[in-house]
Amino acid sequence: MIVDGIKASYGKDLIVDDISFEINKKEFTALLGLNGAGKTTLLKVICGLLKPISGQCLIDDININALKDKERARYISFMPQRNSIVYGSRVIDVVLMGATPYLGPFDTPSKEHRQMAYNILEKIEMESFADENFLYLSEGQKQLIIIARNLMQNSKVMLFDEPDSALDFNNSHMVLSKIREVVKKENKAGLITLHDPNMALNYCDRIIILKDKKMFADFNTHDIRDHFLKDIFEEIYGDIDIIEHKGKHMIIKNAI
Amino acid sequence: MDRSKINTKKYNRKNHLHLLVALVFLVLLSMISIGVGKYPIPVEDIIRISLGKEVDATVKMVFFGLRLPRTIMAIIAGIGLSMAGSVYQTIFKNPLATPDIIGVSSGANLGAAFAIVFLPGGTNTVAISAFIGGIIAVFTALGLTGLSREKGVSTFVLSGIVIGSITQGLIMMMKFFADPERQLAAMEFWAMGSFAGITENKLIAIIPYFFLGSIILLLLRWQINILSLNDDEGKSLGINVDLMRFVVILAATLVVASIVSVTGLISFIGLIGPHIARMISKRNDFYTTVFSGIIGGILLIIADSLARSISSSEIPISILTTFIGAPFLAYLMTRLK
């Protein structure tokens with residue numbers, strides 16, 4: 001996927017200014033930045049929820065922003081911070097919602113879709129919940145089901161908007177490791193916004209940092225040196241230290 | 001993998017069982033209902049007519065001229081109002097939404113009041129005017145939503161409130177100037193709903209609109225399901241949310257307007273039918289929408305039978321639907337989790 005010179009705004013204020021990058025198959029990339037840095041806006045432009053002022057987003061040389069909702073949904077899936085399912089539905093029916101981009105307006109999912117949805121639930125080890133009421137699941141389990149729904153869309157690119165923001169410590173790690181697994185095993189290009197830089201260092205292959213509406217840094221998380229990380233993250237998060245534990249980098253905040 | 005097939009079968013069988021039991025109930029109650037009224041028709045005569053055998057001429061006249069259209073209308077009204085209620089509750093993400101949320105019944109009420117005061121021609125004119133009033137109200141509400149920058153659910157609800165208030169104001173004005181003996185009474189009775197004035201002609205006149213709206217809703221069942229999500233989620237799943245919501249609202253409006261134009265306002269069915277259906281099926285999907293329609297039909301058949309048998313004069317239908325509906329909802333709320 002190529003993101004090419006995207007500028008976007010809400011109303012009059014420019015929120016995202018001239019951002020370009022490229023992400024590849026099996027690559028899991030984090031988008032970091034403080035509140036208001038434009039992470040979510042950029043994500044919404046990429047997945048077509050917001051029209052950019054200029055720039056475009058290409059997947060296999062196809063301009064995603066010019067596609068209809070239905071066509072675009074076959075190339076790109078989006079996981080919101082929180083799902084908005086309010087009425088009781090079975091888990092399998094929630095996963096089946098992901099088949100929508102492949103249905104005509106008068107169609108409902110077929111038996112084959114149902115089997116596909118079940119196979120996807122097996123992949124993420126949630127098949128035993130297929131007949132449960134979605135609303136009775138834990139928050140972490142709900143996020144897994146939404147991941148399954150997005151897998152059902154069968155898109156090359158998967159976007160995730162802070163999927164851990166409502167989760168406890170364990171569930172955050174569980175969901176993120178599952179997302180990483182899915183991106184690797186299913187050959188997806190994954191782009192995720194996160195608040196916690198440690199989560200990004202832990203699970204992502206690459207980190208892109210936004211600052212003041214612009215792209216501030218873009219680096220690989222494998223084989224990096226402590227002082228390189230410290231220099232970059234100090235610009236964003238202030239007084240920090242980088243420590244290494246079992247080969248992983250961690251950021252410690254010293255003073256507010 | 002085998003397990004998924006077994007589960008799916010069990011799931012569908014349970015759905016079908018709910019629908020089947022409710023349908024059998026509806027048919028039985030309709031048979032009983034046809035016999036009830038000022039001129040009771042004995043059960044053996046109903047069976048004889050159903051089998052195509054000869055019966056007494058008066059009985060035949062009452063059966064085909066009065067009871068059959070009326071019973072069919074009660075079933076249609078129950079199904080239509082309940083299904084529309086269920087659809088509105090889904091797309092507005094609000095379990096308390098009713099078909100009036102976007103102004104259709106208040107518009108119909110205004111249309112009826114206008115015809116009663118200003119137009120000659122009796123009940124047929126009132127029906128046509130009510131139908132047009134309902135449609136105009138919804139279009140105005142949709143236009144208002146189209147003019148505002150934010151086209152989300154809350155804007156629709158606000159537009160509905162604006163249109164509802166304006167129509168209420170106009171109705172009050174007409175009531176104030178109306179002749180209290182005839183016109184005011186007619187307006188009040190219209191707003192309480194009744195199946196007493198249903199004729200074969202009226203039934204035939206509204207059936208095309210009712211079916212057109214219902215069929216569109218049934219065909220769009222999966223899209224309606226996705227519209228229960230918020231707009232961003234719906235769009236990222238590949239739905240043109242604004243267009244689809246517009247079409248669904250128009251189809252539901254067609255259903256509700258066609259019904260209330262000939263029956264007058266019928267309260268509570270659009271709320272209580274879907275709630276009972278959801279409490280029994282514990283879900284909110286296509287089956288539940290159809291199921292809620294059949295429940296609505298059952299409720300209105302019971303209400304209408306009572307309306308013409310409790311006292312010597314006909315009781316307006318909304319009095320009964322309120323007294324049946326509200327306590328039942330209260331019971332379900334306290335009994336079930």
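All chains are named by letter (A, B, ...) in the order of the sequence lines, taking the proteins before the strands, and each is independently numbered beginning at 1.
Your options are N230(B), N225(B), I239(B), D232(B), and the one with the most heavy-atom pairs under 4.5 Å with chain A is D232(B). Interface remark: of the candidates Q89(B), E233(B), K235(B), E233(B) forms the most heavy-atom pairs closer than 4.5 Å to chain A. Contact count versus chain B (heavy atoms, under 4.5 Å) is highest, among I146(A), L159(A), N133(A), L96(A), for L96(A). Chain B forms more heavy-atom pairs under 4.5 Å with one residue of P101(A), S89(A), S77(A) than with any other, namely P101(A). For the options R278(B), M244(B), R221(B), heavy-atom pairs under 4.5 Å to chain A are most numerous at R221(B). Of the residues considered (I226(B), T288(B), V241(B)), I226(B) shows the highest number of contacts with chain A, using heavy-atom pairs under 4.5 Å. Most heavy-atom pairs under 4.5 Å with chain B, from the set E71(A), R149(A), K68(A), R72(A): that is R149(A). Looking only at heavy-atom pairs under 4.5 Å with chain B, the residue among L135(A), L67(A), N83(A) that has the most is N83(A). In terms of non-hydrogen atom pairs under 4.5 Å with chain B, the most contact-rich of S84(A), A73(A), P105(A), S155(A) is S84(A).
Counting heavy atoms from C-beta outward, L218(B) and V290(B) have side chains that approach closer than 4.5 Å. For the pair R206(A) and I23(A), the minimum side-chain heavy-atom distance is below 4.5 Å. Under the 4.5 Å side-chain criterion, counting only non-hydrogen atoms from C-beta, I216(B) is not in contact with V255(B). Between I280(B) and F291(B) the shortest side-chain heavy-atom distance falls below 4.5 Å. You'll find the side chain of L137(A) reaches within 4.5 Å of the side chain of F129(A), heavy atoms only.
Both the backbone and the side chain of L229(B) come within less than 4.5 Å of a heavy atom in chain A. With a threshold of 4.5 angstrom between heavy atoms, D107(A) approaches chain B through N, CA, C or O but not through any side-chain atom. Interface remark: I92(A) contributes no atoms to any contact with chain B (heavy atom separation under 4.5 Å).
When only modelled atom types and interatomic distance are considered, R82(A) and Q143(A) share no side-chain donor-acceptor pair under 3.5 Å. Between the side chains of S82(B) and S292(B), no donor N or O sits under 3.5 Å from an acceptor N or O. In summary, the side chains of H16(B) and Y287(B) do present a donor paired with an acceptor at a separation below 3.5 Å, with no hydrogens or angles considered. In this structure, a donor-acceptor pair under 3.5 Å is present between the side chains of S267(B) and T322(B). Side-chain atoms of T155(B) and S148(B) include no donor-acceptor pair closer than 3.5 Å.
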What do the steps show when you test T90(B) against S228(B) for side-chain hydrogen bond (donor to acceptor under 3.5 Å, both in side chains), and what is the final call?
CA-CA 5 Å; T90(B) 304; S228(B) 73; over 6 Å; no
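Between F131(B) and Y209(B), the two ring planes are tilted [angle within 30° to 60°].
Contacts with chain B (heavy atom to heavy atom, under 4.5 Å) involve these residues of residues 38-51 of chain A, listed by number: K44(A), L49(A).
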